[in-house]
Amino acid sequence: METSIWRALLYLVGIMAFAGVNAAWLGWCERKGAARIQRRIGPCEAGFAGLMQPLADGLKLLSKQLLVPQGVDGIIFRVAPVLAMIPAITSMAVIPFSENIGARAMELSVLLLFALASIGMIAVLLGGWASGNKYAIISAARGVSQNLAYEIPMLLTVITVVLISGSMNLREIALSQQGGFWHWNIFRLENGHFLTMWISFIIFFICSVAETNRAPFDMAEAESELVAGFMTEYGSMGFGLFMMGEYLNIVVGACLTATLFLGGWDCPFGLTPGVWWFLLKIYILIFTFIWVRWTYPRTQIYRLLNLSWKILIPFSLANLLVTAALIKVF
Amino acid sequence: MSGYLSDIVTGGKSLITGLAITAREFFRPVVTEQYPWEVPTMTPLFRGHIELIANEETGEPNCVVCGMCQRACPSVCISLDGKKNESGKGKVLTRYILDFTKCSLCGSCVESCNFNALRFSKDYNLASFDKNDFIMDLMKRLEEQNRCKH
Amino acid sequence: MTVPVRLRQDETFVLNLGPQHPATHGVLRVKLTMDGEYVVKAEPVLGYIHRMHEKMAENGTFAQFFPNTARMDYLHALAFNHGWALVVEKAAGIEVPERAEYIRVITVELNRIASHLLWWAAFLLDLGGFTPLLYAFDDREKIIDLLERVTGSRLTYSYMRFGGVCNDIDDEFIAGTRDFIKQLRSRMPRLYHDLVTHNIILIKRIKDIGLVSAEQCRRYGATGPVARGSGIDYDIRKNEPYSVYPEFDFDIPVFDEGDSMARYMVRMHEMEQSMRIIEQALDKLPGGPVMGKAPKVLKPEAGYYYSAVETARGSLGHRLVCNGDKNPFKLKLRSPTFSNLSLFGEVAEGMLLADALAFMGSLDLVIPEIDR
């Protein structure tokens, strides 16, 4: 059944549906979550509890004129938003939602995910440069340096997970964590790995917040300094695609965290694993993304890069050495 | 080197405290007053646009057309006219127009009136598509108020 | 982080922090010549909201200028009211009863707390923290409701008159103010200091940014929290006292570092000191009338008169020239924010763009007050 055309079509439709629903309704979650933290209500008019709000927003964005300013590079300007969405949706092809649900279980899925993340970074750069607006260029440059700086500790921490699990296949990594939360990579109570894995988890989480350009690391779209950063010149669906791409990146980041560290589809007490646990975990992580965004102010660009190069990389390198030593010893 | 580590520790602690505070605020009740369904009550001294005060029995405005309000207004919003009172001395008010587009709600007119003819109304949600709706005819407003009272 | 070498024309570009921008509080245009992310030259361009208030003073009588005073600095409108009332009372020799003086002080200090709350909210909004805005506005809404009970307006108060104030305060206002002070004192340590002031991201963002020395403050004439954050211990309420301020026991917070963190702490401490003043004033509030004797048509003697009050942004001066007529002959306002903003051109050189904006936020600018 692996190569059946029906299976491929089913997964295609399923992933597009999952991506579409998440991209739209994550906007609702964010606005409601932000509102409750700020002790106000959030969207409440469009539909029951504002659930139709994303549809209303989508309709509004579709009905606006896609303004292409004079003096922009025509093709790149139009391609950049699409390029922001593509890696996010494609990444979902390798994520194991459950033991039997997963489009493809490739041997090098971790590597594929990071390669696709770099394409997302290129989309930000192209969008900013093609706009021909000084604010956009500054923000695109910031975005690239930030993404580059945070990919490195991310990769280093993922290597520790790969060393422990012995494979780069996301499905294998999730399978090796089955059986209750004490087997999960974040705790890993055997062989003394519990000393190092929680540090890996924290570093990985901070890097995913930075990779997806979320506050407190949202230099690229710093609203009050650079108006809207690299998205300034985009109207209507160009903006819509960038926003959806950002939310989908958050979903992919949460899925990756859940698979690598939190046991994928495993139940915490080892009872009935299933896709529901996976979805619960990613939504808790997504809520944490939203929670962190609305609590902290933005960092400065050099502090951001300092955090990565001077704090996260030394710690993750040390972590890697200790993990490798522990594997060798035990 | 010691500053490096202590920075990380105190910094991390402050970040966790911040998250705890917003988490607690997440579960507290909403402070929004949902406007069209929950209407606020205006306090007695609230300054809406001005309106004429009528005599209790006759329903006629107390105004004697002295023009003090017109002279006191810094924004030249008030224009009023009167005609001679047939049965007695003084003048009777025939027209009182307030140009609310220029009014700054300073209260000079209300304070300068010696005959208790002006007060602040409690109208706050005035909205319209037409500027002429805000050139208010206060005599007409008084007539409608009198009609609604009976 | 200074710019080391002279740059050629084509190595820099001009970024226009235009009149429409989320971070400039009002219509302020700043022409920034930038080298990458560093600011090489900063030139504020003013005048986009010049409405000729000083000329309007010459066209109307003295009493007709009160609405104008509120619209210049709309965040601390009562202090502007107070300044105008003081200078004309000085010119015409009008006495103000005790109760009116106390009410003036209570309302001005409440307004000062509201202004500092809004500064805190807007400063954090510039830095990217969106939540504290809503927490500060929750408290500010209570102040505005209290002041609405007394004055009738929420933002642009035209409440003071020559000889006193126009409405008296009632028991509900006094009870409400005491309640509010208790609530703000209980919310401050947690929501203001734990969440924001001690947050490592904020500390790293504003510590050692925008260093202003005391000598620079003196050269540009900066006053208020900007000067007090650089070590200059000068507050009009203590050094040139007016109204009934000598009767209250309060401190003037002064910090020596001169960076944005010092200015931030000065304003947070000032809020606490204002609460102390209000409590003491409420305890000592005498009875009596709230309006003194003032002639209907005011014609002060010819001469030059000056008075200064302390607003939330600095020292506001009114210079009034009368020539015996019922209109002022000339009025000149010394706006505190104008002098504070002039620091920006010199201090912002060599800073990163985001740091320059953080510095601008810490100066607490209200542009209509600059342009009048």
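Chain letters run A, B, ... following the sequence lines, proteins first and then strands; every chain starts at 1. Computed from heavy atoms alone, side chains included, the values below leave out hydrogens, waters and symmetry copies.
For B:Glu33, the CD atom counts as densely surrounded, since its 6.0 Å shell holds more than 12 non-hydrogen atoms of other residues, nucleotides or ligands. Counting heavy atoms of neighbouring residues, nucleotides and ligands inside a 6.0 Å radius, atom OH of B:Tyr35 exceeds 12 of them. Heavy atoms of other residues, nucleotides or ligands lying less than 6.0 angstrom from NZ of B:Lys122 number more than 12.
For the atom pair A:Ile290 CD1 and B:Thr22 OG1, the distance stands at 12.5 Å (nearest 0.5 Å). Atom-to-atom distance recorded for A:Leu307:CG and B:Ile8:CD1 is 8.5 Å, nearest 0.5 angstrom. Separation of atoms CG (B:Leu15) and OH (A:Tyr296) is listed at 4.0 Å; rounding is to 0.5 Å.
The shortest non-hydrogen separation linking A:Trp291 to B:Ala23 is CZ2-CB, 3.3 Å. Of all heavy-atom pairs spanning B:Tyr4 and A:Ile311, the tightest one is OH-CA, 3.5 Å. B:Thr32 approaches A:Arg39 most closely through the heavy-atom pair OG1-O, 4.1 Å.
Between the side chain of A:Arg40 and the backbone N or O of B:Val30, no donor-acceptor pair lies under 3.5 Å.
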